[in-house]
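For reference, positions follow the sequence shown, starting with 1. Quick caveat: nothing in here was measured; it's all calculated off a predicted structure. The basis for the numbers below is simple: all heavy atoms, side chains too, and nothing from hydrogens, waters or symmetry mates.
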Amino acid sequence: SDSGQTWGTGPGDAGDSLRTGLPAGTSKVVAGPSKVHVVYCGTGTDLFVQSQSIAGGSWSGEFVTASGSGIDEHFDAAVSGEGLLGVVFDAQQLKYREYDGSNWSSLITLDESEVEFPQLKFENNIPVVVYLSDEGDDQSVVKYSHRATGEFSSPAILDSSTGDFESVMAYDAVSCSYAD
């Protein structure tokens, strides 16, 4: 409340403990117009959310926003200007879910492939997801999907110039020759 001048009761204040007994996990803190949200995982099977009013007070109870195998550090969260909390994560498929302050939406599958490092941003209150998609043979490509028309778009390559090489030209300095 004072722009970071003090922290609770001082340097010895450990802050709020949201969960105990959770193996080492990953978390993300996002702030909206009226609430702060903490999204975290650590069990390998669940993605949790807890929220608190920016004005202070108690943290909400722990809500399991997703369950399934393979839920790990590959998730992201963001809040729109209208206060909509979006969560995107990889659970052997790219999934999206949002919270409007009262209700959670159903899970939406954005990409049926397993992905890495999804990133979520709201642009003019439209959710945009960017992520790495496996293209085989240890190759990945950056893809995106957005909900500008009411439904999420089909996954598309973010930069078409990052695809496979059409050809490779090699130069041999000894023979001064080129090979295609």
*Take L94 and V129 through the side-chain contact (heavy atoms from CB on, under 4.5 Å) test and state the conclusion after the steps.*
CA-CA 10 Å; L94 183 62; V129 179; 4.1 Å; yes

*T43 and C41: CA distance, side-chain angles, deciding distance, side-chain contact (heavy atoms from CB on, under 4.5 Å) verdict*: CA-CA 6 Å; T43 62; C41 70; 5.9 Å; no

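- Summarising the geometry of L120 relative to P127, their closest heavy-atom pair is CD1-CB, 4.0 Å, with the distance given to 0.1 Å.
- Residues F75 and V39 have side chains in contact (heavy-atom distance under 4.5 Å, counting atoms from C-beta outward).
- Counting heavy atoms from C-beta outward, P33 and V79 have side chains that approach closer than 4.5 Å.
- The pair R147-E98 meets the salt-bridge criterion, with a side-chain N (NZ, NE, NH1 or NH2) lying under 4.0 Å from an Asp/Glu carboxylate O.
- Of the possible polar contacts, one joining the S153 side chain to the H146 backbone as a donor-acceptor pair under 3.5 Å is found.
- In this structure, the separation between CD on Q93 and OG on S113 is 8.5 Å, given to the nearest 0.5 Å.
- Rounding to the nearest 0.5 Å gives a distance of 11.5 Å between OG of S51 and CD of E62.
- By the side-chain contact (heavy atoms from CB on, under 4.5 Å) test, V29 is found to be paired with V36, V38, residues two or more places apart in sequence or in another chain being considered.
- Shown here is Y171, whose OH atom has more than 12 heavy atoms of other residues, nucleotides or ligands within 6.0 Å.
- Residue pairs meeting the salt bridge (Lys or Arg N to Asp or Glu O under 4.0 Å) criterion with at least one member in residues 72-97, sequence neighbours excluded: K28-D76.
- Formation of a donor-acceptor pair under 3.5 Å by the N124 side chain with backbone atoms of I126 is not found in this model.
- You'll find the side chain of Y131 stays beyond 4.5 Å of the side chain of Q119, heavy atoms only.
- Here the side chain of S53 pairs no donor or acceptor atom with the backbone of G57 at under 3.5 angstrom.
- Between the OG1 atom of T65 and the CD1 atom of I71 there is a distance of 9.0 Å, given to the nearest 0.5 Å.
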*Show your reasoning for whether side-chain contact (heavy atoms from CB on, under 4.5 Å) applies to H37 and Q50.*
CA-CA 6 Å; H37 308 278; Q50 286 187 261; over 6 Å; no

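- Applying the salt bridge (Lys or Arg N to Asp or Glu O under 4.0 Å) rule to E112 yields no partners; only residues at least two apart in sequence or on another chain are considered.
- Just one of F63, F89, Y40 meets the side-chain contact (heavy atoms from CB on, under 4.5 Å) condition when paired with L47; it is F89.
- Residues D100 and S102 come closest through the heavy atom pair OD1-N, 2.8 Å.
- Side chain of T109 to main chain of D111: no donor-acceptor pair is present (N/O by atom type, distance under 3.5 Å, no hydrogens or angles).
- Between the side chain of D16 and the backbone N or O of L18, no donor-acceptor pair lies under 3.5 Å.
- Looking at residues two or more places apart in sequence or on another chain, you find a ring-ring contact (aromatic ring centres under 6.0 Å, His included) between Y99 and W104.
- Note: F117 CZ to S133 OG = 13.5 Å, rounded to the nearest 0.5 Å.
- With contacts defined as side-chain heavy-atom distances shorter than 4.5 Å, the pair D159/V142 does not qualify.
- Two residues are said to be in side-chain contact when any heavy atoms from C-beta on lie closer than 4.5 Å; Q92 and S69 meet this criterion.
- For E114, there are no salt bridge (Lys or Arg N to Asp or Glu O under 4.0 Å) partners two or more places apart in sequence or in a different chain.
- Residues V88 and V115 fall within the same hydrophobic cluster, defined by Ile, Leu, Val, Met, Phe, Trp and Tyr side chains chained together at heavy-atom separations under 4.5 Å.
- Heavy atoms only, all atoms of each residue included: Y144 and I157 are closest at CE2-O, 3.7 Å.
- A 4.5 Å side-chain heavy-atom check between D46 and S67 finds at least one atom pair inside the cut-off.
- The nearest pair of heavy atoms linking P155 to L110 is CG-O, 3.2 Å.
- Hydrophobic clustering (side-chain heavy atoms under 4.5 Å, transitive across Ile, Leu, Val, Met, Phe, Trp, Tyr) keeps V87 apart from F122.
- Shown here are the ring-ring contact (aromatic ring centres under 6.0 Å, His included) partners of F152, two or more places apart in sequence or in another chain: Y96.
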